[in-house]
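Some notes on the structure that comes next.
Numbered from 1 within each chain, the chains take letters A, B, ... in sequence-line order.
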Amino acid sequence: MTADPIAPPLRGSSSVASTERGTPPERTSSNRASTSHATTWLPRNLHPIAWWIWALGLVVAASRTTNPFLLLAIVAAAGLVVMRRRGTAPWAKAFRWYLLFGVIIVVIRVATRGLLGGGAMGGAHVWFTLPRVPLPRWAAGITLGGPVSGEAVVAAACDGLRLATIIVCIGAANALANPKRALRVLPGALEELGVAVVISITVAPQLVAGVQRVRRARRLRGGADRGFRVLRSITLPVLHDALERSLALAAAMDSRGYGRRSVTSPTTRRLTVALLLGGLAALCVGVFGLLGGGTAPAVTTPAILAGVTCCAAGLWTGSRRVRRTAYAPDPWDVPESLVVLAGVVCAAVFVVAGGSIHGMQFGVATLRWPTLPLVPLVAVALAATPAVTAPRPPVRRVRASDPRGRSGDVAPIGATA
Amino acid sequence: MIDFERVTVTYDGASVPTLCDASFSVPEGELCLVVGSTGSGKSTLLGAVNGLVPRFTGGVLAGRVTVAGRDTARFHPRDLADIVGVVAQDPLAGFVTDTVAEELAYCMEQLAVPPSAMRKRVEEIVDVLGLADLRDRALAELSGGQQQRVAIGSVLAAQPSVLVLDEPTSALDPTAAEDVLAAITRLVHDLGLTVLMAEHRLERVVHYADSMLVLDGTGSVTHGPVAAMLADSPVAPPVVELGRLAGWEPLPSSVRDARRRAPELRERLAGRPVPGRGGARRVAHRADRSTGHAALSARGIVVRYGDLVAVAGVDLSLDAGSITALMGRNGSGKSSLLWALQGSGPRDAGAVDVAGADPGLLDPRGARAHVALVPQTPSDLLYLDSVAEECAQADRESGVPAGRTAELLGRLAPGIAPTCHPRDLSEGQKLTLVLAIQIAPSPPVVLLDEPTRGLDYGAKRRLADVLDGLAAQGRSIMIATHDVEFVARVADRVVLVAEGAVVADGPCEDVVVSSPAFAPQVAKILRPDPYLTVDQVAASLEGIGEVR
C-alpha cells in the first residue's frame, strides 16, 4: 500500500458517502499524474514490448553476420542485460536453458555437417579422415564420412553459432519480459490466440510437475518394467491431466469475461472479415513473389504493403468490438525508448554495414583468424546499454504477518460507484 | 434470479440424461446448497447456470436456463460474466495471471471497468477477504485457503449478483475451510448475493443455507427450504442424522440448535456404557494392542526441501491392526511424512523399520511389499484401458498369482465391471481400485493420503468399512486427512502434526475432543459425554431398548 498512492480503504458509511461525491478517485488520478515522472527510474518492470523489440533487433543483427567474434559479442550483450535486469519470476530462470540449447545446436551442427558430411565440403587443411560409409545410389549427393577438414568444421561451427545466437536473443526476451503482460498488447480480435498462449504458458510448467508426480506414483506401484510401457504409463495420465487443466483454464477465462464483445453492426463485422481475407490474400501474393523470385518486384512490394495495411485495418476494426481496461498498465517512458533505440540502432548498423564493412562475413576458405570490425562492435556495445539504462526489476515485498492473512477489521464492499 | 425451466442435459454417448426435466427458481439473495452423491449431476447443474454446460463440456441441453433474465442459450459465459461469478473446485486451475492483485483485477479488466474504480475495488476486496498482506505475492506460493479466497475475490470484484461455487472447500483443512465459508456467508449477508454452492461435507455449510437443491442421482432435482429437504435427503450431516435418530422435530441444522436439544438425549444415554466405534473389530483390536506389536516403527524422520524443513524429526510407531489418523493443517508435512515412511519419497535422516527391513533402502518393488501408499491423486497410478488389465498388471508387478488383485477388488468393491475404463470410475471406485492394486502383495502397513477427498457420504461409509476390514486382518493403517467426521468414524488413534513435528498423539477420543477445530459434530453436541459418532449413539440407544 505504501507504494501505491491511492485512497485509503473505505470503512463505514461516512466514507462511502464521500466516495460517491467523487473526491477520492480525483485525488487518486492527480496523485498518479504528478508522481509519474518520479517513478520513471524507480525499480519497476519495463514494458514487455520494449524488451521484445530490443531482442528482435539483436536477432536481426545476428542474422546478418557469420563473424564468430561478433556473434559471441551479441550473446555476451544479451547475457549481460539478462543478468542485470531480470526479475525473480520462474520464466526469468529459464535463460540458462536457452544457453544450453545454443551449445547443443553448435555441437549438433559441427557433428553432422563438419564431421560426417565434411567430405563433401573439401578444404585444404585436412585434419583426419573418417571411414567413408558407402551409400546406395539413390542417396547420391549425400556423403557420410571422408576427410574432415578444418574449413568444414569451422564453417559448421560459425553457422551453428549464428542460429544459437538467435535462440539466445529470443531467450533473453523471454527471461526479461513477462509473457502474460506482453499478451495484453495483442489486438482484441485475436483473443482465441490469447487463450491458447495463456494456456500453454500456464500448463507447460504444470506438465513438468505432472511428469514428476506421476513418476513418483509409478514407483509406488513397483515400476519394474522398462521401455515403451513406462513411457506410456507416465505420458497417458500426464497428458490426460494437462488436457483437463487446459479445458478448465479456458472455461475459467471465458466465465470471467475474457473475449467479451460489445454489440457491433453487421456492416462492421462484414468489413472486418473482408479486410482480413483481402489482406491475407494480398500477403500470399507478396510472399510468393518474394520467395519464388519469378514475379516482378513491381507486384511484390505493393502486394505486401497492401496486405499488411488491410490486415492491420481488419485487426483494428475487429478489436474495437472487444473492450478491455488495464489494472496496472505498463507505462511507456524514457527507459523504454532507450531500450528500443539500443536494439534498433544495432540492427540498423548490421543491416546497412552487412555488405560494405569488411569482416562481417567470415570467409573460411583460407582458415585464418577472423578480424573484428570496429563499427559493428560499437553497435553491439550499444545494444548492451539496457543493462544500465533500464530500471531495475521490482523486489517483491515480503512482510512478516499472519501467514493466513486474516485481518481483524473488515469493511462492507459494494461501496464502489 | 436463477430459473431452470424443464432443463434436461444429456452428454455425448450417455444413454441417460444427467439432469432430467429440472425446473426450479432460486430467488434473489438466497444461499442455496446443491446436494447429491458423486456423479448425480451437481457440477452439471452449476455449470449450466452460466452456460459452461454445454458450451465447454459438449452434450445437449434442452429447456431454458435464464439468469437475471438472460437466456444462456443466447449469451456466452463471457457475456454473463458481469452477472454470474464462478469459483471452481481447484482455484489454481483457474488462475490466469501471476500475482494476487492482478488476479483480483482480471475479471474487471475484461469487463472494461475504468482503472480508477478498479483500483478502489481491489483495495476493498483485499480488505473484505483478509488478503491485504498478500497483495504482491505470487499465486502459486499461497496456501490452499488463500488461493480459494483470491479466486472468490476475483469474481466478486466484478460485482456479480450470482455466485456459483463448486465445492469451494474440498481441498482445505477445517480451519481454512471455515475461513472461506465465513467469507462467503458474510458476503451473502452484506451484499445480498444469490449463491449456489455444492459441497460434500454438509456439516460445514448446512447451517448457513436458506434452501437446498437435492439431486437424487436419477437426474431429477427438488428444491425447497433446508429443514424440509433435510428430513429425507439421501445425504445428511451427522447433526441431522443425530436429530433423526433422537426424533427431534424440526430437525436441527447446526450444532447450536442441536446442543439446545441435547440435555434430553444425554439423559437417555446416561449410565449406559459407551460402545466402541466400528463394532467387533475394536474389541479384538484392544486385546491386540496390549501385546504392543508394532507393524511400523520410525525414528527421527527428517524431510527437507532446501531450507524448508517439511518433517522435523518425527518418531512414530504404528500398531498392527490399528487405524491411525494423521491430521494437521495444509502444508504441515503430512504427505512428506507418508512418502518418507513408504520409502519412495525423500528422507534426509531417520530410520524406518517394517518387519525387520527399512523400506527406504529397498527397491520400489520391495518397498511396496512392506508399505503400501495410496497417493492423493490415485488416478496417477492408473494408465491401462480397462480395470481387468490394471488388475492383471498389478498381479505381474507384485508377483502374486494371477487373479489375486481382481479378487481383492471384488471383495473391497463388488460390482465394478472388469471391462470398464478406469477413468470412467467414480472417485470412490478409483480409490478402491488403487487400494486393491497397492495391497496385492499383502503389505503389513497401508498408508492413505487424503482418501476422502471428493467422496460423498455413501462412498466414505464404504471406505470406512473397507479400512475396518483391512485392520481386522492385522494390517496397520494410517490415513492423512482433514475429514474430522471420517476420523471419528474409523480412527483408533490420532497423530496431530504442525510444522513437521508431532504436537499431539493419543487415542482418537482424547485428541479429537480436546480441540474445538477437530471435534466431530456429535462430540460437540453431546459434550462432555465421550460420543463421537451417530452409530455409537444408536448402538447405545439400542442397548437401552434391550434393557427395557
Seminar exercise, completed: Pair count under 4.5 Å, heavy atoms only, with chain A: among B:Leu373, B:Val86, B:Leu384, B:Asn50, highest is B:Leu373
For this session: Report the option among B:Ser344, B:Gly343, B:Ala105 that has the most heavy-atom pairs separated by less than 4.5 Å from atoms of chain A.
Result: B:Ser344
Exercise. Which atom pair, heavy atoms only, marks the closest approach of B:Tyr383 to A:Leu236?
Worked result: O-CD2, 3.3 Å
Exercise. What heavy-atom pair brings A:Ala217 and B:Asp380 nearest, and what distance separates the two atoms?
Worked result: CB-CB, 3.7 Å
Seminar exercise, completed: Of B:Asp82, B:Leu382, B:Leu104, the largest count of non-hydrogen pairs under 4.5 angstrom with chain A goes to B:Asp82
Exercise. Do you know which two heavy atoms are closest between A:Arg221 and B:Glu390, and how far apart they sit?
Worked result: NH1-OE1, 2.8 Å
Problem set entry | Side-chain (A:Arg256) to main-chain (B:Ser154) donor-acceptor, under 3.5 angstrom | no
Seminar exercise, completed: Heavy-atom nearest pair, A:Leu220 first then B:Trp339, reads CD1-CH2, 3.5 Å
Exercise. Which heavy-atom pair separates B:Ala93 from A:Leu249 by the least distance, and what is that distance?
Worked result: O-CD1, 3.4 Å
Exercise. Where on A:Asn178 is there a heavy atom nearer than 4.5 Å to chain B: the side chain, the backbone, both, or neither?
Worked result: side chain
Exercise. With a distance cut-off below 6.0 Å to the six-membered ring centre and an angular limit of 45° from the axis, does B:Arg119 pair with A:Tyr327 as a cation-pi contact?
Worked result: yes
For this session: Please indicate whether B:Arg423 has more than 12 foreign heavy atoms, meaning atoms of other residues, nucleotides or ligands, lying under 6.0 Å from its CZ.
Result: yes
Problem set entry | Over all atoms of both residues, closest heavy-atom pair of B:Arg78 and A:Tyr258 | CD-O, 3.2 Å
Exercise. Taking atom CZ of A:Arg44 as the centre, does the number of heavy atoms from other residues, nucleotides or ligands within less than 6.0 Å exceed 12?
Worked result: yes
